[in-house]
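Next up is a structure, given as structure tokens.
These values consider heavy atoms only, across backbone and side chains, with no hydrogens, waters or symmetry-generated copies.
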Amino acid sequence: MAHYLVTGGAGFIGSHLVERLLIRGDAVRVVDNLSTGKRANLEAATAAARAAGANATPEFLEGDIVDPEVARRAAEGIDYVLHQAAIPSVPRSVADPITSNRANVDATLSMLVAARDAGVKRLVFAGSSSVYGDSPVMPKHEDMPARPLSPYALQKLVGEQYLQMFTSLYGLETVSTRYFNVFGPRQDPSSPYSGVISLFIRALADGQTPTVHGDGEQTRDFTYVANTVDGVLKAAVAPNVAGQVVNVATNGRVSLNQLLATLQRLMGTAITPSYGAARAGDVRDSQADITKAATLLGYAPTVSFDEGLRRTVDWAVGA
Ligand code: UD1
């Protein structure tokens, strides 16, 4: 049994990591300031793990890891840190770059220092496909130069570079997993900054008109959360990967118009979306090359886009 710390464990992706770790029988501590995370996510993760036969509960530390003392307490006795705490969202970072920088950069540095001082075996960081920016080369390969178009993308890039520096400077093992548009149950649709799949499902379920920013032909490598969890857990323990940056995605590419058509079929709706202006800082196309994850981590996606959407819709409509 290993001891895992999940920062942001009350958030969407964090709570799925917690659930899987509990099911595996690992010891889990969560630190979360509940700025975007919710206790209900942790409760749902614990209940799901219970239903799968686990009987442990995560230890919960409420606090902000930007405070070095909170980060220090969180890292105590930990083998692996899965650093998921962040203020996600490109548009939110455009509207308020200082607040998102504090959560995405300052808190990452604070956690790295605490992990180093606690002697943890490895820290895995939630990176982002947004760092690739608008390069027309597809699929996106880790060796491509980063071209951040938003404060969020830049902050995630700085986080990765801090990790690599901590590996070379202090010998702390780190891996950055670059996520691509993760979706699934427990993704919160309640903010205008929420992920597009959660927003579209909510709109269709409520009989409202979904809003498409732009012409809907932009594409994304939408990744069902169980695949992301697989990649992160492999990154925590794979040999010879310290200092690496690895895409964790599906290598698929779906347009927003295709996404909407699939959702309408699954949900039995026929609502015409409204089309508005493209969003500032938006990337046109995004698709991951996942060869490196396969080679270094032994990763392969196991839940298809369609199956993931089905599970997400079932959760959202309470089926
Ligand atoms: C970006 C990053 C992703 C990161 C995420 C954090 C890229 C390619 N991806 O996702 O890695 O984890 O930020 O939040 O940069 N849209 C609509 N209608 C809506 C909402 C969104 O049309 O109501 C559109 C957006 O303009 C965008 C697409 O849907 O073109 C996806 O948006 P969103 O789900 O917010 O994610 P990204 O910004 O792509």
K121 side, atom NZ; D79 side, atom CG - distance, nearest 0.5 Å: 4.0 Å
Pair F305 + Y224: ring centers closer than 6.0 Å: no
Salt-bridge present (E160, R178; N to O < 4.0 Å): yes
Side chain Y152, main chain I87, donor-acceptor under 3.5 Å: no
Donor-acceptor under 3.5 Å (D32 side chain, A10 main chain): yes
Heavy-atom pair of closest approach, residues L263 and F200: CD1-CB, 3.7 Å
L169 CG: over 12 foreign heavy atoms closer than 6.0 Å: yes
Pairwise side-chain contact, V6 with V28, heavy-atom cut-off 4.5 Å (strictly under): yes
L82-Y179 co-clustered via ILVMFWY side chain contacts under 4.5 Å: yes
Test item: side-chain donor near acceptor, T250 and D221, under 3.5 Å: yes
Atom pair CD (Q264) and CG (L259), whose distance is rounded to the nearest 0.5 Å: 10.0 Å
Donor-acceptor contact present, side-chain R122 to main-chain A235, <3.5 Å: yes
Flag for S304-D306: side-chain donor and acceptor within less than 3.5 Å: no
Distance in Å, T174 OG1 paired with L112 CG, rounded so as to fall on 0.5 Å steps: 7.5 Å
Flag, side chain of K156 to backbone of A126, donor-acceptor distance under 3.5 Å: yes
Any donor-acceptor N/O pair, R202 side chain to Q208 backbone, under 3.5 Å: no
N251 side chain near P139 side chain, heavy-atom distance below 4.5 Å: yes
Single-linkage hydrophobic cluster I78~Y170, side-chain heavy atoms < 4.5 angstrom: yes
Shortest non-hydrogen contact from Q218 toward D215: OE1-OD1, 3.9 Å
Approximate separation, where rounding is to 0.5 Å, of N247 CG and F180 CZ: 4.0 Å
Check: Q244 side chain, V241 main-chain N or O, donor-acceptor pair, under 3.5 Å: no
Verdict with reasoning, R39 to E62, per salt bridge (Lys or Arg N to Asp or Glu O under 4.0 Å): CA-CA 10 Å; R39 279 179 202 278; E62 184 177 345; 2.7 Å; yes
D64 side chain to D67 backbone, donor-acceptor under 3.5 Å: no
Polar side-chain atom of Q164 near backbone of G243 as donor-acceptor pair, under 3.5 Å: yes
Shared hydrophobic cluster for V31 and Y80 (ILVMFWY, side-chain gaps under 4.5 Å): no
Steps toward side-chain hydrogen bond (donor to acceptor under 3.5 Å, both in side chains) verdict (D188, S190): CA-CA 6 Å; D188 181 7; S190 67; 2.8 Å; yes
Closest contact, heavy atoms only, G159 versus T108: CA-CG2, 4.3 Å
side-chain contact (heavy atoms from CB on, under 4.5 Å) partner of M111, chosen from V66, V70, L5: L5
N257 versus Y275, side-chain donor and acceptor atoms under 3.5 Å: yes
Nearest heavy-atom neighbours spanning L22 and A49: CB-CB, 3.7 Å
Non-neighbouring partners of Y193 that pass side chain to side chain donor-acceptor pair (under 3.5 Å), sequence neighbours left out: none
M165 atom CE, over 12 foreign heavy atoms within 6.0 Å: no
Transitive ILVMFWY side-chain link Y299 to F125, under 4.5 Å: no
Salt bridge flag under 4.0 Å for residues D289 and R253: no
From CD (E307) to OG1 (T302), nearest 0.5 Å: 10.0 Å
Distance-only polar pair, side chains of E173 and T167, donor-acceptor under 3.5 Å: no
Donor on one side chain, acceptor on other, D285 and T219, under 3.5 Å: yes
Ionic contact status for R72 with E69, cut-off 4.0 Å: yes
Donor-acceptor pair, side chain of T223 and main chain of N181, under 3.5 angstrom: no
same_hphob_cluster(V303, I201) at 4.5 Å side-chain heavy-atom cutoff: yes
Inter-residue atom distance E19.CD - T46.OG1, 0.5 Å rounding: 9.0 Å
CZ (F166) with more than 12 external heavy atoms under 6.0 Å: yes
H16 (side chain) donor-acceptor with P185 (main chain) under 3.5 angstrom: yes
Closest approach of A153 to L149 (non-hydrogen atoms, all atoms of both residues): CB-N, 4.1 Å
Heavy-atom pair of closest approach, residues A45 and R186: CB-NH2, 3.8 Å
